[in-house]
Every structure is written in C-alpha cells, then in structure tokens.
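Each remark here refers to the structure printed beneath this line.
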Amino acid sequence: LGSWRFDVFAVRDEELAALARDVLCLRREGDPRELDAFVRRVELLMTRHGNPYHNFRHGIDVAQTLFCFAEGKLLGEAGGRRAFGAPKVVFDDLEVHAMMLAGFCHDLDHPGLNNGFHVGTGHPLALRYNDRAVLEEWHAFSMWHVLRRPDCDILARYSAADVAKIRKFSVAGILATDMTQHGAITGGVRGLADAPEDPAKRDGHALTLFKGLVHAADVSNPAKPWAVSKTWSDVLQVEFFHQGDLEKARGLPVSFGMDRATTSQRGMAIGFGSKLVGPFYQAIAALQPDVQPCVDMLNDNVDVWTKMDA
C-alpha cells in the first residue's frame, strides 16, 4: 500500500472504502467510527455523479501517492520520512495528515465537468466563486463541511491550533490542484532548490512544497506503471468526451482535448506527459533524488505512447 507500484485498479469497488480507511490510517490514530463515517460520506459524494475519472478511486489514488512522496516507497527505496530541497524540508505529522486529507478530498463532489464549463454556462458555483478556481474552492469547502459533521469529525481530538494548521495546509493543497496554477506551482518548487537555509522560513518552504506535492500527486498518472497509467488515461478521455458532447449540444466552444471527432488520446498523453508533468517532476526530483525513478518511468511511458500507431 505504501509503494509507488500499488495498483488501485486491482481493488474491487466494494473494497474501496476499506482501502480508503487503510490509506488514511497510515498517518492517523483515533476513533474508527468517526473515520468510517467520514470515509463513507466522502464515498457518497464521490460516487453520486458517476464520473469515469473524478471519482472515489481517484481520491484514494492521490492520497496513496502522497504517502509515497512523503514517506512511503517510490521505486525501490526503503521509504521513511523524506527531506526535500536545499533547506531540507521534512514534513511533520500534522502536515502529513493534512496532505493525506487534501489528496483524498481534493476533488470532493466533482461533477465531472471542468471549471471552464461551469464558467461558460453561468453555473451557480461559478457565480459563488466569481469564476476563479470554481471547483477547487467547492472541493475544499465540501471537505471541511463534512469534517464539521459530529459523526465525521476525525479531528475532534486535535487542539484548535493543530486543526488550524491542518486546515491551512489542506485548503492550500486543494487550491493548488487548479491547473491554471501549474506554472506558479512549478516555479515555487524550482525556487526551493536554491533557497538558503533559514529556520525562520521553514514553514513557508513547507507550504510551497506541500502545494507542489499535492499537485504532483493529482497529475501523477503519466508517471505510474504503464498498466495503471494507461487505464487512467482511458477513463479520463471518456469523461472529457462526455463534456465535449455536452458543449456541442449547447452550442458552446468545445474545450481543448474534449472533441471526440478531432482529439488524439495518444497525442494528448504525449503532450501532457512530456511537456507538462515531466518537467514538473524533474523539478521535484532536483529536491529529492528518490523521485528520479518516477521521472524515468514517465519517460518510458511517453516512449510507449510515441511508438503506438497514430
């Protein structure tokens, strides 16, 4: 479970809730009844839209990937809490807990349609959040709304200060999954490579890295073992084409990569892996060499896509 090679598709639908509890328990102790209620509520919100990609399995996968980054096994390493960057950021227990929650809930109650669709159709969520990071704001709100339910309050035994820190980091991590922030997130991660050692700046460096790793886990599909990577690509394309069909039916411009008549899955996978995710992962590997084999796996996957028939 703590390995980069873990295959989330090998788990049956009816076993996913137990898997989610196992993933969250990697960094938590507490009342199992609250944890079970929390997981079940998240499962309800992540399955009610019937999304092929943005679903309960995806949330579990991202949380598990984050555990691998923070202290699990990547590709061949023994694991253990990792240090990242020249200032040597090592996440504390609260930060790792916040990371697992952010990964698990980063797409909570996702409707299967992206921000552009919500803005373009004048959806109430777009109005609520003023067309900015519409879904990410909704996901963060939804997570904390669930956590405030008495039966789901897995943070009840934490102090107010600890809850405040978990909230600060988890919300920042979820907002960092907005793809319009990719350039800024990448720049922040690269900046840590040359940041001077300064204990006074430790928390700021940790938050920058935290956001980078949550984003990296969200886009980790191209860097996973080929069978897992290809399956994620397949289901994402189904979801994208569904949105493209809706946009055509409403007379809206079809979003990039969502027109089934013109989009090449192969081309999308090569471009996303080599031009977007690859350089970003290379920046993370510059902070922590354990990540380099993940970069190599991504490059191998891009090679497989490239050799496929167009």
Side-chain angles (χ1 to χ4, degrees), residues 41-59 61-62 101-149 152 167-168 170-187 211 214-215 217-219 221 232-265 267-269 271-272 275-277:
R41 189 67 183 173
V42 170
E43 181 179 27
L44 173 66
L45 293 173
M46 290 302 294
T47 56
R48 66 175 182 156
H49 298 288
N51 301 331
Y53 180 86
H54 290 103
N55 53 31
F56 192 46
R57 193 180 300 271
H58 172 60
D61 181 61
V62 172
L101 286 173
F104 185 47
C105 297
H106 78 285
D107 277 330
L108 190 56
D109 203 23
H110 197 295
L113 303 163
N114 69 10
N115 284 338
F117 186 90
H118 284 74
V119 172
T121 58
H123 192 279
L125 283 181
L127 298 179
R128 175 184 293 184
Y129 296 117
N130 299 311
D131 298 343
R132 293 193 294 269
V134 174
L135 291 177
E136 291 74 26
E137 293 279 7
W138 175 245
H139 303 323
F141 164 79
S142 297
M143 182 181 85
W144 282 92
H145 185 66
V146 171
L147 285 169
R148 292 299 166 89
R149 291 170 57 101
C152 297
R167 176 167 167 78
K168 175 183 177 180
S170 63
V171 170
I174 292 173
L175 295 181
T177 62
D178 179 358
M179 284 303 298
T180 66
Q181 298 301 307
H182 177 78
I185 297 295
T186 302
K211 294 190 292 185
V214 174
H215 177 48
D218 189 29
V219 298
N221 305 338
W232 280 125
S233 175
D234 290 343
V235 295
L236 180 60
Q237 203 66 71
V238 171
E239 192 169 301
F240 276 5
F241 286 162
H242 171 66
Q243 176 171 324
D245 292 344
L246 288 178
E247 289 169 333
K248 285 183 180 180
R250 295 187 181 207
L252 297 170
V254 179
S255 300
F256 176 74
M258 298 187 183
D259 190 335
R260 68 175 68 247
T262 60
T263 298
S264 162
Q265 180 182 357
M268 290 284 289
F272 188 65
K275 293 183 170 59
L276 215 69
V277 182

H215 and I185: which non-hydrogen atoms are nearest, and at how many Å?
CD2-CG2, 4.0 Å
Audit row: H58, D218, side chain to side chain donor-acceptor pair (under 3.5 Å) steps and yes/no:
CA-CA 9 Å; H58 172 60; D218 189 29; 3.2 Å; yes
Atom CG of D107 and atom CG of L45: how far apart are they, to the nearest 0.5 Å?
12.5 Å
Pair N221-Y53, side-chain contact (heavy atoms from CB on, under 4.5 Å): steps then yes or no
CA-CA 11 Å; N221 305 338; Y53 180 86; 2.7 Å; yes
With a 4.5 Å cut-off on side-chain heavy atoms, are F117 and L246 touching?
yes
For the atom pair CZ (F241) and CG (D259), what is the distance rounded to the nearest 0.5 Å?
7.5 Å
Looking at every non-hydrogen atom in both residues, tell me the closest pair between M258 and F240 and how far apart they are.
CB-O, 3.3 Å
Set out, in order, the CA-CA distance, both residues' side-chain angles and the distance that settles side-chain contact (heavy atoms from CB on, under 4.5 Å) for D234 and Q265, then state yes or no.
CA-CA 8 Å; D234 290 343; Q265 180 182 357; 2.8 Å; yes
Passing candidate, side-chain hydrogen bond (donor to acceptor under 3.5 Å, both in side chains) with D109, options H139, H54, H49
H49
From CZ (R41) to OG (S142), nearest 0.5 Å
10.0 Å
Minimum heavy-atom separation for M46 to L108, with atom names?
SD-CA, 3.4 Å
Quick check for you: to the nearest 0.5 Å, what is the distance between N55 atom CG and R48 atom CZ?
14.5 Å
Using side-chain contact (heavy atoms from CB on, under 4.5 Å), reason through V42 and F104 one step at a time and then give a plain yes or no.
CA-CA 9 Å; V42 170; F104 185 47; 3.6 Å; yes
Any residue meeting ring-ring contact (aromatic ring centres under 6.0 Å, His included) with F141, in chain and number order, not counting sequence neighbours
W138, H145
May I ask you to decide if N114's main-chain N or O and Q243's side chain share a donor-acceptor pair within less than 3.5 Å?
yes
If every non-hydrogen atom of S170 is compared with every non-hydrogen atom of A102, which pair is closest and at what distance?
O-CB, 3.8 Å
Ignoring hydrogens and angles, state whether a donor on the side chain of D131 or H118 is under 3.5 Å from an acceptor on the partner side chain.
no
Shortest non-hydrogen separation from V146 to C152 and the atoms involved:
O-CB, 3.3 Å
Is there side-chain contact between M179 and V219, with at least one heavy-atom pair below 4.5 Å?
yes
Would you check if the side chain of Q237 reaches a backbone N or O of G257 as a donor-acceptor pair within less than 3.5 Å?
yes
Scan for salt bridge (charged side-chain N to carboxylate O under 4.0 Å, His left out) pairs involving residues 235-247, sequence neighbours excluded, and state none if there are none.
D245-R260
After noting the C-alpha distance and the side-chain angles of M268 and F256, does the key distance pass the side-chain contact (heavy atoms from CB on, under 4.5 Å) rule?
CA-CA 10 Å; M268 290 284 289; F256 176 74; 3.7 Å; yes
What are the two closest non-hydrogen atoms of C105 and I174, and how far apart are they?
O-CD1, 4.2 Å
Looking at OH of Y129 and NE2 of H123, how far apart are the two atoms once the value is rounded to the nearest 0.5 Å?
11.5 Å
For the atom pair CG (L113) and CG (N51), what is the distance rounded to the nearest 0.5 Å?
8.0 Å
